[in-house]
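A quick write-up on the structure given underneath.
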Amino acid sequence: MDTTERPPAPTRALGLPRSSAGLVLSCHPGPVAAVTVLVTALAVSSGPGAGRWVLVATAVLTGQLSVGWCNDAFDARRDAEAARPGKPVARGAVGPGTVWSAAFAALSLCAVLSLACGAWAGAAHLAGVVAAWAYNLKLKETVLSWLPYAVGFGSLPCLVALSLPGNPWPAWWAVAAGALLGVAAHLGDVLPDIEADLRAGIRGLPQRLGPARTRLLLPLPLTAATAVLVLGPAGAPAGRDFVVLSGVALCTVVATTVHIDPRPVWAWRKAALAGTVAVASADVALLLARGTEIV
């Protein structure tokens, strides 16, 4: 029998040393990439300036990296006790000190890059990043767990708009839609882990509501974000906008009124998350289509 110790499969797949791969995986690479790409696309659609786009992209990237590393480093002991899969710090693939160092280095770079976008743009973005750190360190355990997500996502249109020449303030509907999408992201992200979180003593808003009520609540901020994006901008909405709004409203009615057998639990949770991704994608498409109107 071959008893040679082998690194975990993700490490071998990345072709990186074990500690380097653990550091990469502990930053939550999926959400980091998604948020960075979407905000960069919004910056591109909002107006000219390749240098501005690069600054916005790198500011968002470093901010998201700092938040992801802070989350895994702070929760390392809790994740290890819960034997949560996919947590490199908890399983010893990378040391918590290394991840903390990476988190603070990324936060420092984020501060420099954000302020390079403009004083107001930098202040707005850093407020969102600080809110995300506050979530990791304390607020995730309180009834205000949704607030950092609202502030963080709402700050992203502010960063994009205030980085434009003249530092124009963002349209209210862009900020409101971002904040609502942030609340939905919080509910959708926490939903699959509510029981494990409760066992660990985490009692944020979704944990206090429980899985069933969180699933019912999840479509509401998404629908509200869609309505804001369709009805908020000046001028008559296009026909396709009403089609999107009608479709989202229908999904909300179905999600909140149709009885779903909770067995197996994973099935209806995956369905809820899939619906969240679909509606959020439609909302992001609406926001990108209005890129030049966010100021």
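On a predicted model such as this, the values are computed, not experimentally measured, just so you know. Starting from 1, each residue takes its place in the sequence as its number.
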Review point. Checking side chain to side chain contact (heavy atoms under 4.5 Å, CB included) for the pair Leu180/Leu222: CA distance, chi angles, key distance, verdict?
Key: CA-CA 7 Å; Leu180 288 165; Leu222 289 170; over 6 Å; no
Exercise for review: Check the pair Cys117 / Leu162 against side chain to side chain contact (heavy atoms under 4.5 Å, CB included), numbers first and verdict last.
Suggested key: CA-CA 8 Å; Cys117 295; Leu162 290 166; over 6 Å; no
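- The CD1 atom of Ile194 lies 12.5 Å from the CZ atom of Arg208; values are rounded to the nearest 0.5 Å.
- Ring pair Trp133/Trp100 is tilted by interplanar angle, where 30° to 60° counts as tilted.
- Of all the heavy atoms in Pro96 and Ala73, the pair that sits closest is O-CB, 4.2 Å.
- The backbone N or O of Ala111 sits nowhere less than 3.5 Å from a side-chain atom of Ser114 that would complete a donor-acceptor pair.
- Using a 4.5 Å cut-off on side-chain heavy atoms (C-beta onward), Val39 and Val56 make contact.
- In this structure, SG in Cys70 is found 4.5 Å from CG in Leu137, a value given to the nearest 0.5 Å.
- One hydrophobic cluster holds both Leu144 and Leu217 under the rule that ILVMFWY side chains link at heavy-atom gaps under 4.5 Å.
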Practice item. Please assess Lys87 against Asn71 for the test side chain to side chain contact (heavy atoms under 4.5 Å, CB included), listing each intermediate value before the final yes or no. Key: CA-CA 11 Å; Lys87 294 291 186 178; Asn71 178 274; 4.0 Å; yes
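- By the rule that hydrophobic residues join a cluster once side-chain heavy atoms approach within less than 4.5 Å of another member, Val160 and Leu288 end up as members of one cluster.
- Side-chain atoms of Asn167 do not come within 3.5 Å of backbone N or O of Ala121 as any donor-acceptor pair.
- A heavy-atom distance below 4.5 Å is not found between the side chains of Thr214 and Val190.
- Within the model, atoms CD1 of Ile294 and CG of Leu156 stand 10.5 Å from one another, a figure rounded to the nearest 0.5 Å.
- Residues Pro88 and Leu25 share a closest heavy-atom pair of CG-CB, 3.6 Å.
- Hydrophobic clustering keeps Leu159 apart from Val175 (ILVMFWY residues linked when any side-chain heavy atoms are closer than 4.5 Å, directly or through intermediates).
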Exercise for review: Please test His125 against Ser163 for side chain to side chain contact (heavy atoms under 4.5 Å, CB included), starting from the C-alpha separation and ending with a verdict.
Suggested key: CA-CA 11 Å; His125 183 233; Ser163 69; over 6 Å; no
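- Remark: the backbone N or O of Ala41 is not paired with any side-chain donor or acceptor of Trp53 at under 3.5 angstrom.
- The main-chain N or O of Gly63 is found under 3.5 Å from a side-chain atom of Ser66 such that the two form a donor-acceptor pair.
- With contacts defined as side-chain heavy-atom distances shorter than 4.5 Å, the pair Leu147/Leu139 does not qualify.
- Between the CZ atom of Arg199 and the CD atom of Gln207 there is a distance of 12.0 Å, given to the nearest 0.5 Å.
- Clustering ILVMFWY residues whenever any of their side-chain heavy atoms sit less than 4.5 angstrom apart, transitively, puts Leu61 in the very cluster that holds Val99.
- By the 6.0 Å contact criterion, CZ on Arg77 is open, its count of non-hydrogen atoms from other residues, nucleotides or ligands being 12 or less.
- When all heavy atoms are compared, the tightest approach of Ser145 to Leu205 is OG-N, 2.9 Å.
- Listed for the Arg52 side chain is a donor-acceptor partner under 3.5 Å among the backbone atoms of Ala43.
- Among all heavy-atom pairs drawn from Leu287 and Trp173, the shortest one is CD1-CZ3, 4.2 Å.
- Hydrophobic clustering (side-chain heavy atoms under 4.5 Å, transitive across Ile, Leu, Val, Met, Phe, Trp, Tyr) groups Leu229 together with Leu38.
- Using a 4.5 Å heavy-atom cutoff, the side chains of Glu195 and Pro211 are in contact.
- Considering every non-hydrogen atom in both Ala184 and Leu218, the closest pair reads O-CD1, 3.4 Å.
- We find the CG-SG distance between Leu107 and Cys110 to be 6.5 Å, quoted to the nearest 0.5 Å.
- Between the CG atom of Leu187 and the CG atom of Leu220 there is a distance of 9.0 Å, given to the nearest 0.5 Å.
- You'll find the side chain of Leu209 stays beyond 4.5 Å of the side chain of Pro206, heavy atoms only.
- Closest approach of Cys27 and Trp69 over heavy atoms only: CB-NE1, 3.3 Å.
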